[in-house]
*Asks:* 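One structure follows; several queries about it will come next.
All ligand and atom numbering here is 1-based and tracks the order in the structure. Numbers here simply count residues along the sequence, with the first being 1. What you see is a predicted model; the values in this text were computed from it and never measured. These values consider heavy atoms only, across backbone and side chains, with no hydrogens, waters or symmetry-generated copies.
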Amino acid sequence: MHSAVEIIATKRDGKPLSDEQIQWVLDSYVAGDVAHEQMSALSMAILLNGMSIPEITKWTQVMADSGTRMSWSGLGKPTVDKHSTGGVGDKITLILTPLVAACGAAVPQLSGRGLGHTGGTLDKLEAIPNWQASISPERMFEILKSTGGVICAAGADLAPADRLLYSLRDVTATVESIPLIASSIMSKKIAEGTSALVLDVKVGSGAFMKTQDQARELARTMVDIGNKSGLKTMAVLSAMDVPLGRTAGNALEVTEAVDVLNGAGPSDVRELTL
Ligand code: IUR
């Protein structure tokens, strides 16, 4: 039996958390048995003292298992997905999803909203009249089966541990921790059930990672924990010092994405998509 105080003290003193400690503290937090102030203290200790790859891998897997894990085995196709760490004018998902579907794979993309100054894929698609971000898992399966790609919002039961922790990080100055960012992103991708993933890690003045070293560390961490968790993962680092393409703004970006799919559009967007 563990206690929150003992686990916070372990990380405060710069020691590694055991698998059992990680399992216990996250499960207890979701159950309401670890208080927000205790999780806040632990998040700050993680931000200051870090976590090793085995710790982050366990942390990620427990968060992925805190809700429903989706499965696409009934599709009979390989599933692949992409994730961007966020930039300005980044409409790559809107172009890449249909391209990959046309190549015969299935893309079960659970997207997010804008974060800070960066836009979100769901916000962009909502520029299309009557487009709906929230659909049932059954509808998701139908769309995936008939078109090869679906982009929609994650349900409340996808990695609920991350949902709770993310809100807490937002108000405790603990967003900027590479172990916490990496486990947050990867837990949702693992729970989404994709079998392969490409990460677009943005670097530069318009990205959350301002330097090559930070971006490379985040990319390496996510690739490592993905592959250790059975999700075939690779990453590209891409520059985010100027907006991507010629447009930033939801409706404008959808239009630019359609231009690229029609064989036109700005060369930087075409190149990064390919
Ligand atoms: N997106 C996520 O899903 N999690 C995070 O911690 C960040 C971006 I920063």
*Asks:* What residue and atom, counting heavy atoms only, is the protein's closest point to atom 4 (N) of ligand 1, and at what distance?
*Replies:* S184 OG, 2.6 Å
*Asks:* For ligand 1 and K188, I'd like to know whether there is a polar contact (N/O to N/O, distance under 3.5 Å).
*Replies:* yes
*Asks:* Backbone or side chain, does any N or O of Y166 fall under 3.5 Å from an N or O of ligand 1?
*Replies:* no
*Asks:* Please state whether E176 comes within less than 4.0 angstrom of ligand 1, counting heavy atoms only.
*Replies:* no
*Asks:* Side chains of D162 and S184: any donor to acceptor distance under 3.5 Å?
*Replies:* yes
*Asks:* Let me see the working for K82 and T93 under side-chain contact (heavy atoms from CB on, under 4.5 Å), right down to the final yes or no.
*Replies:* CA-CA 7 Å; K82 63 85 72 168; T93 294; 3.0 Å; yes
*Asks:* For the residue pair S229 and Q61, confirm or rule out a side-chain donor-acceptor distance under 3.5 Å.
*Replies:* yes
*Asks:* Passes salt bridge (charged side-chain N to carboxylate O under 4.0 Å, His left out), D65 versus R69? Steps please.
*Replies:* CA-CA 7 Å; D65 283 332; R69 278 183 64 162; 2.8 Å; yes
*Asks:* With heavy-atom distances below 4.5 Å as the criterion, would you say the side chains of V150 and V107 are in contact?
*Replies:* no
*Asks:* For atom 8 (C) of ligand 1, what's the nearest protein heavy atom and its distance?
*Replies:* L115 CD2, 3.6 Å
*Asks:* Between D90 (side chain) and G86 (backbone), is there a donor-acceptor pair under 3.5 Å?
*Replies:* no
*Asks:* Which of the numbered atoms in ligand 1 are below 4.0 angstrom from a heavy atom of I185?
*Replies:* 1 (N), 2 (C), 3 (O), 4 (N)
*Asks:* Provide the number and element of each atom of ligand 1 under 4.0 Å from a heavy atom of I181.
*Replies:* 6 (O), 9 (I)
